[in-house]
Amino acid sequence: MVEGLADRLGTLSRERTQVLPALHLLHDLAHHLPSDGLEEVAAWLHIPKSELYAIATSYTEFRLAPPAPETLRVCRGLSCVIAGSGALADALRAAGREVEECECLFACAVAPVATDQGRLVGRARTEALT
């Protein structure tokens, strides 16, 4: 069981339309989608675990395993690429940081975007992340 998940799920109606909000709640609490949390969400929404897993794995912003604390995520969505996320990722790797390039982090207005230990960094620069 994920601590606090039951309380947070209680704010949602028990309808199939709440799958994505429920997955986001779980991801926000645990910083990934642990299997026991997925089971709890599936039970809350009365949907099969296999269906919930299929939905969860369709979205790149969800992780099934906990992230390594030292790994930076750098967005490679179009806005971020135009704003220099490729060069940012290369510079961070050259500085010795572990970098995972990921699909859109949905903060295009402040591109390039990265996350550091779950904290979103807009207009990210190498100096701020090393």
Side-chain angles (χ1 to χ4, degrees):
M1 292 285 195
V2 176
E3 188 174 329
L5 181 58
D7 293 335
R8 301 275 305 270
L9 287 174
T11 65
L12 302 175
S13 61
R14 297 181 95 164
E15 299 174 21
R16 181 177 293 282
T17 58
Q18 298 301 304
V19 168
L20 285 176
L23 288 173
H24 279 287
L25 287 176
L26 173 58
H27 202 271
D28 290 346
L29 284 171
H31 303 292
H32 71 292
L33 299 176
S35 59
D36 59 338
L38 287 171
E39 288 182 24
E40 194 172 345
V41 169
W44 175 261
L45 296 175
H46 303 293
I47 62 173
K49 290 181 278 188
S50 59
E51 186 175 335
L52 185 63
Y53 181 82
I55 294 167
T57 57
S58 297
Y59 292 88
T60 58
E61 67 264 27
F62 294 131
R63 298 178 161 279
L64 294 178
E70 65 279 354
T71 300
L72 298 170
R73 296 179 79 205
V74 176
C75 181
R76 65 175 178 209
L78 181 59
S79 295
C80 287
V81 168
I82 290 170
S85 66
L88 173 64
D90 291 343
L92 290 168
R93 286 186 186 104
R97 294 299 307 262
E98 183 72 30
V99 175
E100 173 189 331
E101 293 184 65
C102 60
E103 296 306 318
C104 191
L105 290 171
F106 306 103
C108 304
V110 291
V113 177
T115 61
D116 186 7
Q117 298 180 4
R119 179 181 57 92
L120 188 75
V121 179
R123 295 184 177 86
R125 299 289 173 252
T126 307
E127 307 77 42
L129 295 167
T130 53

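Quick note: numbers below take in every heavy atom, side chains included, and nothing from hydrogens, waters or symmetry partners.
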Count I, L, V, M, F, W, Y as connected when their side-chain heavy atoms are under 4.5 Å apart, and connections chain through other members. Are [X] and [Y] then in the same cluster?
| X | Y | result |
| --- | --- | --- |
| L92 | V81 | no |
| L25 | Y59 | yes |
| L120 | L29 | no |
| V41 | L64 | yes |
| L12 | L52 | yes |

Could you list all the ring pair (Phe, Tyr, Trp, His ring centres under 6.0 Å) pairs where at least one residue sits in residues 78-120, not counting sequence neighbours?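 Matches after skipping sequence neighbours: none remain.
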
Heavy-atom distance under 4.5 Å between the side chains of [X] and [Y], does that happen here?
| X | Y | value |
| --- | --- | --- |
| I47 | R16 | yes |
| L72 | T115 | no |
| L23 | L33 | yes |
| P34 | L26 | yes |
| R73 | L105 | yes |
| T71 | V99 | no |
| V121 | V113 | no |
| V74 | P112 | no |

For G37 versus L5, what's the shortest heavy-atom pair and its separation?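 Minimum heavy-atom contact is O-CD2, 3.8 Å.
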
Closest non-hydrogen atom pair between S79 and A111, with its separation: O-CB, 3.7 Å

Supply the atom-to-atom distance [X] [atom1] to [Y] [atom2], rounded to the nearest 0.5 angstrom.
| X | Y | atom1 | atom2 | result |
| --- | --- | --- | --- | --- |
| R76 | L78 | CZ | CG | 13.0 Å |
| E101 | S85 | CD | OG | 6.5 Å |
| E103 | C75 | CD | SG | 8.0 Å |
| L45 | I55 | CG | CD1 | 9.0 Å |
| L88 | R125 | CG | CZ | 8.0 Å |

Heavy-atom donor-acceptor pair, S58 side chain to A54 backbone, under 3.5 Å: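 Pair found, side chain donor or acceptor close to backbone of A54.
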
If we ignore hydrogens and angles and just use 3.5 Å, is the side chain of H32 paired with the main-chain N or O of A30 as donor and acceptor?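 Here the side-chain-to-backbone pair exists.
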
If you apply the rule side-chain contact (heavy atoms from CB on, under 4.5 Å), what do you find for D90 with R93, and how did you get there? CA-CA 5 Å; D90 291 343; R93 286 186 186 104; 3.7 Å; yes

Step by step, would you call E100 with R63 a side-chain contact (heavy atoms from CB on, under 4.5 Å)? CA-CA 12 Å; E100 173 189 331; R63 298 178 161 279; 2.7 Å; yes

Considering only NZ, NE, NH1 and NH2 on the basic side and carboxylate oxygens on the acidic side, decide whether R97 and E70 come within less than 4.0 Å. no

Around atom CD of E3, are there more than 12 heavy atoms of other residues, nucleotides or ligands at under 6.0 Å?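 Counting neighbours around CD of E3, 12 or fewer heavy atoms of other residues, nucleotides or ligands fall under 6.0 Å, so no.
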
In chain order, what residues pass the side chain to side chain donor-acceptor pair (under 3.5 Å) check against R14, with sequence neighbours excluded? none

Validation row, ring centre F62 to ring centre H24 under 6.0 Å: yes

